[in-house]
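First the structure, in the form of structure tokens, and then the observations on it.
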Amino acid sequence: MPELPEVEVVRRGLERWVAGRTVTEVEVLHPRAVRRHPAGGEDFAARLKGQRFEVARRRGKYLWLPLADTGTSVLGHLGMSGQLLVQPEDAPDEKHLRIRLRFDDAAGTELRFVDQRTFGGLSLHDQTPDGLPDVIGHIARDPLDPEFDDAAFQTALRQRRTTVKRALLDQSLISGVGNIYADEALWRSRLHYDRPTATLTRPRSAELLGHVRDVMNAALAVGGTSFDSLYVNVNGESGYFDRSLDAYGREDEPCRRCGTPMRRRAWMNRSSYFCPRCQRPPRAA
């Protein structure tokens, strides 16, 4: 699943290429692509036609395009393989093209939603007073948000009766962190994924939060992490942070810090990668 850096790369592309443009035509080419819009594809297309996009916004892994003067937004859910691509109008259709949006200007480009596995989609939602689509009003701020409250996060983290990786993936506590960047931040922090959050001192929780930010900013600088052709920006270009990963996907490879072979363990239908020497498991684990 795309995490915060990958979604932010797409948001920046939409800000550059789509903000301020007015929709003139909407084609819904697969019903599953609008399944989160209960009124269906025809209603989605009719309500979007003639609307002007404002600057794309993001919270955590969630991305949306506000519609000017309407109090509504188009929420993009990328799922496992969803892509929002800005393509020349005369470019051949992608094999898995699901939705096409055309605009009223002479830029010569259109916005396409392409999704091989059809787990993602677009939908229209009313906005909360904070400007979020109402269905994601419960999502916490992410660590790159200027209004993220470090002190409140550290307090809430230590009060949770859970383990540290579970807490990092709790979108009601901190948003945007997924499996890959959680493993990376924990490796940098020398913390085992099963460490109870109650045992973290305030300095340790502050250090962990700093590493979460560092990992995400490093990934953003190179366009995110791309393990296959499905993770791309709006111009179809893949990111390169996968070449810099210190933990995720490095089973049996030497730890970049101490040389001990990295290990992988099954964890909540996912995998956790860690160094058994640098990230020693808690005694109760």
Side-chain angles (χ1 to χ4, degrees), residues 1-12 14-15 54-66 71 73 75-78 125-221 224-225 241 247-248 268 270 272 279 282:
M1 293 285 287
E3 300 182 27
L4 185 157
E6 291 75 43
V7 177
E8 174 62 14
V9 168
V10 175
R11 190 207 65 77
R12 292 178 181 180
L14 294 174
E15 179 177 7
E54 295 182 339
V55 173
R57 296 183 59 189
R58 177 193 56 75
R59 175 166 289 189
K61 308 174 190 179
Y62 293 89
L63 172 73
W64 67 95
L65 284 158
S73 294
L75 179 64
H77 189 281
L78 299 181
H125 300 276
D126 293 332
Q127 295 178 175
T128 69
D130 291 334
L132 279 72
D134 54 12
V135 294
I136 64 167
H138 63 289
I139 299 297
R141 294 186 183 275
D142 64 67
L144 301 187
D145 189 323
E147 296 186 34
F148 186 88
D149 189 331
D150 288 27
F153 167 76
Q154 292 167 26
T155 299
L157 179 69
R158 297 170 63 201
Q159 290 176 344
R160 296 286 172 108
R161 295 181 178 274
T162 187
T163 53
V164 64
K165 186 172 179 179
R166 287 176 182 266
L168 288 178
L169 269 59
D170 182 347
Q171 301 296 297
S172 67
L173 178 65
I174 181 173
S175 68
V177 185
N179 201 44
I180 295 174
Y181 297 115
D183 279 358
E184 293 300 300
L186 290 170
W187 181 85
R188 293 189 182 198
S189 303
R190 299 175 182 251
L191 290 172
H192 190 274
Y193 59 89
D194 264 343
R195 172 82 172 261
T197 54
T199 67
L200 295 177
T201 63
R202 186 167 289 274
R204 284 293 268 156
S205 61
E207 179 188 5
L208 173 60
L209 181 58
H211 285 308
V212 169
R213 287 193 173 113
D214 289 345
V215 167
M216 289 186 168
N217 280 317
L220 269 174
T225 301
F241 190 66
Y248 190 87
M268 291 181 62
R270 301 179 177 95
S272 279
Q279 299 168 266

Nearest heavy-atom neighbours spanning [X] and [Y]:
X	Y	result
L75	P133	CD1-CG, 4.1 Å
F148	D142	CD1-O, 3.3 Å
P143	S175	CD-O, 3.4 Å
R11	A56	NH1-O, 3.0 Å
A167	L173	O-CD2, 3.6 Å
S189	H211	OG-CD2, 3.1 Å

Quick one: does [X]'s side chain have a donor or acceptor within less than 3.5 Å of a partner on [Y]'s backbone?
X	Y	answer
R188	R190	no
R158	L200	yes
Q171	A140	no

With a 4.5 Å heavy-atom cut-off, do [X] and [Y] have their side chains touching?
X	Y	value
D194	R166	no
R59	W64	yes
R270	L169	yes
K165	L191	no
M216	V177	yes
L4	Y181	no

Check ion pair R141-D149 (N to O, under 4.0 angstrom):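 Not counted as a salt bridge, because no side-chain N and carboxylate O are separated by less than 4.0 Å.
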Check ion pair R213-D150 (N to O, under 4.0 angstrom):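 So R213 pairs with D150 through a salt bridge.
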Full working for side-chain contact (heavy atoms from CB on, under 4.5 Å) between L186 and Q279: CA-CA 8 Å; L186 290 170; Q279 299 168 266; 3.9 Å; yes
R12 vs L220, side-chain contact (heavy atoms from CB on, under 4.5 Å): CA-CA, chis, key distance, verdict: CA-CA 11 Å; R12 292 178 181 180; L220 269 174; 3.8 Å; yes
Audit row: D170, R160, side-chain contact (heavy atoms from CB on, under 4.5 Å) steps and yes/no: CA-CA 11 Å; D170 182 347; R160 296 286 172 108; 2.6 Å; yes
Trace of the side-chain contact (heavy atoms from CB on, under 4.5 Å) decision for L208 with L168: CA-CA 10 Å; L208 173 60; L168 288 178; 4.2 Å; yes
How long is the straight-line distance from [atom2] of [Y] back to [atom1] of [X], given to the nearest 0.5 Å?
X	Y	atom1	atom2	result
L209	F153	CG	CZ	5.5 Å
E6	L63	CD	CG	12.5 Å
E15	R57	CD	CZ	11.5 Å

Residue pair T155 / R202, side-chain donor-acceptor N/O under 3.5 Å: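 The answer is yes; a qualifying pair exists.
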